[in-house]
Amino acid sequence: MKTASKAVISKSVKTGRAKTAAKAVKAAPKAAVKARAVRKAQPKRTRKAMLALLIAGHNEKLVIEKTLRSAIKAGMPKEHIYVVDDNSDDGTRAIAARVIGLKNTTRVQRSGKGLALTKAAKKFELTKRYQWIHIADADGGFAPGYFQTFREKLNPKFAAATGYVRSLPGESVSQYRVLEYTIGMEIHRRFQALANTVSVIPGPTSCFRSDVFDQVNFANKSLTEDFDVTIQIHRQKLGRVQFIPQAVVYTQDPRNLKDFTKQITRWNRGTMQGVRRHRIGFRPQKIDIYLSYQIVQNLMLAANYFGLLPYLAIRHHSVGVLAVTFLYDVAMMFILTSLVALKADRKDILSAFPQIYLYRWVTMYVFMKALFEVIILRKYRAAPGHWESRRYKSAMTV
């Protein structure tokens, strides 16, 4: 009896399993159809491209084509290059469209650089389509392999990245800039990247992670929107700035002292705008300590030369102290210029040393003037977007 019972139970179990399996087989096609319907209803996730290049310009017919062809030659596919024409009247967009295609260009009402960049990024949906957005000036030039280097070196743990700025050969202003840029890149920028105190991501080479691009305000009504954006990254604690020295970008400098003075006046006023706006020196951040040190250092240098030394000369009834200090300063500056000439392989800058020494003092004067105007007199609190004159940029070559 027990054996018969077991047999009946076993048969019942097998029959039940068979029915379950049969139901499963019948239901499988329906489940598959339902799963496909769910997948179809879900939005497709498109993989973001690595890097886009965005250029804004106003009346750039003299330089825009050279800049775009330089970018393509440096490893940037033309389908990933975008140009926004800020209401030019010289055919800038038409020239750009001839190089990269009309669909990758747009024209906006006069907005200024920062707002034009914002409008273009929104129109082309760059933050949705790319992991990184590289901004560049319309009058720049890129070394061979520049963008390939960026694609290889970019690290998503950083909020933004910047390359190595070099001055194109030119007049005495450009020779002075060789000194400024070499010292700035080789000493200051390397230290800043290490200490997380990068104070400005310069216009010719500025690259932002797409989510960071969405969180900063480029239309900040500053004379130097790149400085303001960099401070925003520090203030919002969006991340560190990566320095990629292997990626070299070239920039064209003013041709004469007048244009040079105009350019650095705008830069210094814009920097002081940012210092006031972001209350530099009043927050417990590394960038506050670093920028405060730089400002105090320049103030002390000016105080020594224009305060202490004249006082000592008057007190001792002798101009000897002034003469000795001047000769010492010239000698030290010449040694520094010689070292830079060797490092940058630009021996030509030695022939321009007298002008280089002059530009050093012009730079100091403009810094002090801008500090007094913006910090003390509270002028230039905000500035409408505008573009620098291109009179000196027609001869740009890379």
Side-chain angles (χ1 to χ4, degrees), residues 172-173 175-192 195 197-200 223-224 227 257-258 260-276 278-282 286-341 343 349-350 352-380:
S172 57
V173 174
Q175 292 169 318
Y176 171 70
R177 282 281 166 77
V178 173
L179 179 71
E180 273 195 328
Y181 289 153
T182 303
I183 295 174
M185 296 293 109
E186 293 293 341
I187 300 176
H188 297 296
R189 184 51 49 85
R190 291 182 187 275
F191 171 80
Q192 291 171 0
T197 57
V198 173
S199 56
V200 59
L223 289 166
T224 49
F227 174 77
L257 178 60
K258 180 181 178 181
F260 171 76
T261 303
K262 182 179 178 181
Q263 183 187 66
I264 65 172
T265 296
R266 182 176 65 85
W267 288 358
N268 278 275
R269 285 173 177 168
T271 299
M272 294 305 160
Q273 279 180 340
V275 167
R276 283 201 64 224
H278 297 285
R279 294 181 58 79
I280 296 296
F282 295 93
K286 291 180 180 179
I287 191 65
D288 292 75
I289 297 172
Y290 180 77
L291 287 176
S292 297
Y293 165 76
Q294 284 196 319
I295 292 173
V296 170
Q297 183 186 44
N298 284 332
L299 288 173
M300 290 182 64
L301 183 62
N304 283 333
Y305 279 110
F306 303 114
L308 180 60
L309 289 176
Y311 167 76
L312 292 175
I314 294 171
R315 181 176 180 180
H316 294 285
H317 304 286
S318 173
V319 295
V321 64
L322 297 177
V324 171
T325 303
F326 172 73
L327 292 174
Y328 175 79
D329 189 62
V330 170
M332 293 301 296
M333 191 68 180
F334 183 77
I335 292 173
L336 183 61
T337 304
S338 300
L339 293 174
V340 167
K343 174 62 182 177
I349 70 173
L350 292 175
F353 179 73
Q355 294 97 315
I356 287 175
Y357 190 76
L358 170 65
Y359 288 128
R360 180 262 190 109
W361 287 107
V362 172
T363 301
M364 171 63 71
Y365 166 75
V366 171
F367 167 82
M368 294 298 299
K369 179 184 177 185
L371 187 148
F372 183 76
E373 289 173 332
V374 180
I375 303 299
I376 306 301
L377 299 181
R378 297 176 177 266
K379 297 171 65 177
Y380 307 103

Side chain to side chain contact (heavy atoms under 4.5 Å, CB included) assessment of R269 paired with T224:
CA-CA 8 Å; R269 285 173 177 168; T224 49; over 6 Å; no

Considering all heavy atoms of both residues, which atom of [X] and which atom of [Y] are nearest to each other, and what is their separation?
X: D288; Y: G281; value: OD2-N, 2.8 Å
X: V198; Y: I287; value: O-CD1, 3.9 Å
X: T271; Y: F227; value: O-CE2, 3.4 Å
X: G270; Y: L223; value: CA-CB, 3.8 Å
X: K286; Y: A195; value: CD-O, 3.3 Å
X: V374; Y: R276; value: O-CD, 3.1 Å

Step by step, would you call V330 with F326 a side chain to side chain contact (heavy atoms under 4.5 Å, CB included)?
CA-CA 6 Å; V330 170; F326 172 73; 3.7 Å; yes

Any side-chain heavy atom of [X] within less than 4.5 Å of one from [Y]?
X: H316; Y: V321; value: no
X: E180; Y: T363; value: yes
X: L336; Y: I183; value: yes
X: L299; Y: M368; value: yes
X: T337; Y: R360; value: no
X: Q294; Y: F367; value: no

Just how far is it from atom [atom1] of [X] to atom [atom2] of [Y], taken to the nearest 0.5 Å?
X: Y181; Y: H188; atom1: OH; atom2: NE2; result: 14.0 Å
X: L179; Y: L339; atom1: CG; atom2: CG; result: 10.0 Å
X: N304; Y: T325; atom1: CG; atom2: OG1; result: 9.5 Å
X: R190; Y: M185; atom1: CZ; atom2: CE; result: 10.0 Å
X: R189; Y: T197; atom1: CZ; atom2: OG1; result: 9.5 Å
X: L257; Y: L358; atom1: CG; atom2: CG; result: 6.0 Å

Parallel, tilted or perpendicular, as decided by the 30° and 60° cut-offs, for the rings of Y357 and W361
perpendicular

Using distance alone, with no hydrogens and no angle criterion, decide if Q355 and Y176 have a side-chain donor and acceptor under 3.5 Å apart.
no

For the residue pair Y359 and S172, confirm or rule out a side-chain donor-acceptor distance under 3.5 Å.
yes

Given 3.5 Å as the limit, does a donor-acceptor pair link the side chain of Q273 with the main chain of Y380, or not?
yes

